[in-house]
Student: 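For reference, the structure I am asking about is given below.
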Amino acid sequence: MRICAVLRLVPDLVEELEVEENEVIPFRYMPNERDEHAVEEALILKEKTGAEVEVLGIADPDNEADIDEGLGMAAAKGADKLYKVILDRPSYKRAELAKALAEFLSDKNYDLILTGIQAIDSFAGNLGGMLAKNLGIPYIGGVVEVNISDGEVVVKKELGGGLLAEYRLSTPAVVSIVSAERPLKFVPFTKLRQAMKKAEIEEVELELPEFEGIEVVRYEVPPEPEITLIEGDVEEVADKLIEALKEISVL
Amino acid sequence: MDVEEMLETYFERIGEIPNSDRFIQCIQCGTCGGSCPYGMGTLFTPRRMILAVRAGIVDEVLSSGAQWLCTSCFTCSLRCPSQIPITDAIIPALRELSLLEGNPPEELAAALMNIARYGNSFRESPRKRDKWIKEVDFEVPLISKKKKAEYLFVTECFGAYHRRCKEITKAFAKVMHILGVDFAILGNEERCIGDLVRLCGEFGLFEDLVEKNIRVFEKYEFDKIVTHDAHAYNALLREYPKFGFEKEVVHHTQFLYNELEKLKELFGKLDYTVTYHDSCYVGRRNGIYEEPREVLKAIPGVKFVEMRRIKENALCCGGGGGGVWLDSFIKEHIKERPAESRVKEAASVGAEVLVTACTLDVPMFEDALKVTGLEGQLEVKDISEIVLEAIES
Ligand code: SF4
Ligand code: SF4
């Protein structure tokens, strides 16, 4: 079984974003957390079944260097092959990315393509679904566990309210992961640096198609939330809290 | 890793730490476990850890989680008749195996990853490290502007970002300001000094931090480093010289003691009964016992009382060695956390204020006050806060 996991970059929100009328300029980028879980789940599948795992890091000319650490991390955890896909320009339109990626993936013969269920910086989300549509293969999202049983792929999907359902998939298929079945594996600093040094990363340049139909009117910074610290002893805090809750009609 | 690889990695690591060859001299006396604040809650006390390594069942220690039930309080190391470096070698090297296996407690893993990425455990922007200087009514000089200072004041992560610990930083900076001391800070060029990272077994990250920090220190001219962070003090004093950085390092308790004659002239009267908690890396590890006591006793109106477990026998606050990132893990294993027992002890000797000299202590003890219901009866203050209060009263 051959698995591909997609690793996108998103703005690192610990650092302040520069927000201009028609542009958001992050200070730096970091791997999209849901995609990190997709990579983790792929590697868990490798442990369970001996599957081959290839990781596709997606970057653009603005953040090319920021993807290396995420790819190094995947290598340190046991990924078999790494790609660095450099798009010709940044885009928040996932439909464009889905189309370009589908073309790249069409002849790669992966049995499963895993993506994170969401990323914080896209207009429409759902890269997984659009990718599957472009490739003409099945898609399932909201997945928290992937297993191979009797040669078939069986996934656990969250239905909300704590309910889980199991589905059998035909392959190839695209699966979007909410979270891997165990916490992300920790990689010590030295191991990561060694992996980054050793890793052979194949660079691929991809041109994004241009999709019309959605245009930025303007970006805006939301107003700072008002935070009041309630201080005093337990009684005082309780009284003030009740007052505050009454004021906003919660009580 | 299989057990053989684990043992190989383990011995390779402890081989790099001074005096670890004493490992073979463990006489299985049990002094360590009997001294340990977690001795009752763990399957593997240091004695049994050593035994397990000897027996080649290191994997059993790792899966028990015992390597994380240690707050590096240094009691075992101080008391061990064979002088085995338990706190600096035996335990961190086991922790390293756990990190290599990829499954340390989650809170701790997150803290280490934040330090690697942002230079602080709080997941805060490194560009906001000096934000506290905008919250004080006097100028805190940046060394990048001043270029030269007698003292470089290292605030460390807790002192720079933690809501409560920042107050200690501000108080100590103000005392220096009032005394007219020639000091400056690194501001946003400062990053984690890394003592907890080392004690957690993340040796690679520690080395990276040391190298980066030394590069920054070397850019500027200063005579000494002063810090109120006990672990930063310990690392700068004991570990950084191994990497070629040799500057005098002063803990703020020593600084205050050295300035005591001047301070005495400034002190007004306070009306408290205080007791002093010997933080592990001020007292037991580095032998600073009398200086803070002398400072406290010099404040007019302060009644000084001692607790029962003092100086080298003082009880740990539970925050060191990564303990601040292991709170939920530790809670699962022991009934009463050391900080809770410690605040009860302070209250039992009639103290109204528990004075400490390590930034980690204050949030640990304040949390313990809430849990034990002693809030309102006992307060926790850093020594610089009480000194400032005496000056301002
Ligand atoms: S105190 Fe020292 S000699 Fe005694 S059991 Fe512990 S490690 Fe061994
Ligand atoms: S350093 Fe302290 S907490 Fe750690 S094992 Fe020794 S006595 Fe126990």
Side-chain angles (χ1 to χ4, degrees), chain A residues 9-18 26-31 33 36-37 39-40 43-44 46-47 65-70 72-79 179-197 227-238, chain B residues 1 9 12-13 92 95-129 131 161 163-164 188 192 194 197-198 200-212 325 369-370 373-377:
Chain A
L9 288 170
V10 292
D12 182 345
L13 294 182
V14 166
E15 302 286 0
E16 256 158 49
L17 300 173
E18 214 179 296
F27 179 71
R28 67 165 165 183
Y29 294 82
M30 61 187 290
E33 197 186 344
E36 289 185 295
H37 279 269
V39 173
E40 195 77 33
L43 293 164
I44 294 172
K46 176 177 173 165
E47 277 169 33
D66 290 339
I67 194 71
D68 293 352
E69 195 172 303
M73 198 67 101
K77 293 181 190 179
S179 59
E181 55 199 273
R182 66 163 183 235
L184 298 182
K185 219 173 184 187
F186 180 83
V187 177
F189 188 83
T190 314
K191 197 170 165 189
L192 174 62
R193 292 294 129 160
Q194 280 165 355
M196 284 174 76
K197 238 190 237 157
I227 296 169
T228 322
L229 276 181
I230 303 181
E231 280 171 303
D233 63 33
V234 181
E235 294 291 324
E236 271 175 73
V237 171
Chain B
M1 268 195 280
T9 315
E12 202 179 304
R13 175 59 69 193
R95 292 176 163 191
E96 184 178 36
L97 295 181
S98 188
L99 297 179
L100 283 165
E101 288 292 282
N103 53 9
E106 271 183 78
E107 220 178 315
L108 180 120
L112 292 175
M113 287 198 286
N114 290 338
I115 293 173
R117 172 168 275 270
Y118 306 108
N120 69 77
S121 58
F122 292 95
R123 204 180 160 82
E124 284 282 354
S125 163
R127 297 184 295 163
K128 290 184 184 155
R129 198 166 178 111
K131 225 175 135 197
Y161 292 107
R163 196 168 70 88
R164 174 65 182 90
N188 295 342
C192 178
V197 173
R198 172 183 69 90
C200 283
E202 224 316 10
F203 293 100
L205 178 56
F206 177 64
E207 276 170 32
D208 183 65
L209 291 170
V210 174
E211 279 160 21
K212 286 184 176 144
W325 310 314
L369 289 182
K370 293 193 184 94
L374 284 168
E375 221 178 7
Q377 189 184 329

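Note that the structure is a prediction, hence the values are computed from the model and not measured. We name chains A, B, ... by the order of the sequence lines, and we start the count at 1 in each one.
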Student: Could you check A:Leu184 against B:Met113 for side-chain contact (heavy atoms from CB on, under 4.5 Å), going step by step and ending with a plain yes or no?
Tutor: CA-CA 12 Å; A:Leu184 298 182; B:Met113 287 198 286; 5.9 Å; no

Student: Take B:Tyr161 and B:Lys131 through the side-chain contact (heavy atoms from CB on, under 4.5 Å) test and state the conclusion after the steps.
Tutor: CA-CA 8 Å; B:Tyr161 292 107; B:Lys131 225 175 135 197; over 6 Å; no

Student: Report the option among A:Arg28, A:Arg193, A:Lys77 that has the most heavy-atom pairs separated by less than 4.5 Å from atoms of chain B.
Tutor: A:Arg28

Student: Is chain B contacted by the side chain of A:Glu69, its backbone, both, or neither, given a heavy-atom distance below 4.5 Å?
Tutor: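 For A:Glu69, side-chain heavy atoms alone lie under 4.5 Å from chain B.
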
Student: Under 4.5 Å heavy-atom distance to chain A, tell me which part of B:Glu124 shows up: side chain, backbone, both or neither.
Tutor: backbone

Student: Is B:Glu101 close to chain A through its backbone or its side chain, or both, or neither, when contacts mean heavy atoms under 4.5 Å?
Tutor: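 For B:Glu101, the backbone is the part near chain A, not the side chain.
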
Student: Looking at side-chain heavy atoms only, is the closest gap between A:Glu16 and A:Phe27 below 4.5 Å?
Tutor: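 Heavy-atom side-chain distance check fails, nothing below 4.5 Å.
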
Student: Check whether B:Asn114 reaches the backbone of B:Asn120 with its side chain - one donor and one acceptor, N or O, closer than 3.5 Å.
Tutor: no

Student: Below 4.5 Å from any heavy atom of chain B, which atoms of A:Leu229 appear? Answer side chain, backbone, both or neither.
Tutor: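 Only the side chain of A:Leu229 comes within 4.5 Å of chain B.
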
Student: Is it true that A:Glu40 and A:Arg182 have a side-chain N and a carboxylate O under 4.0 angstrom from each other?
Tutor: yes

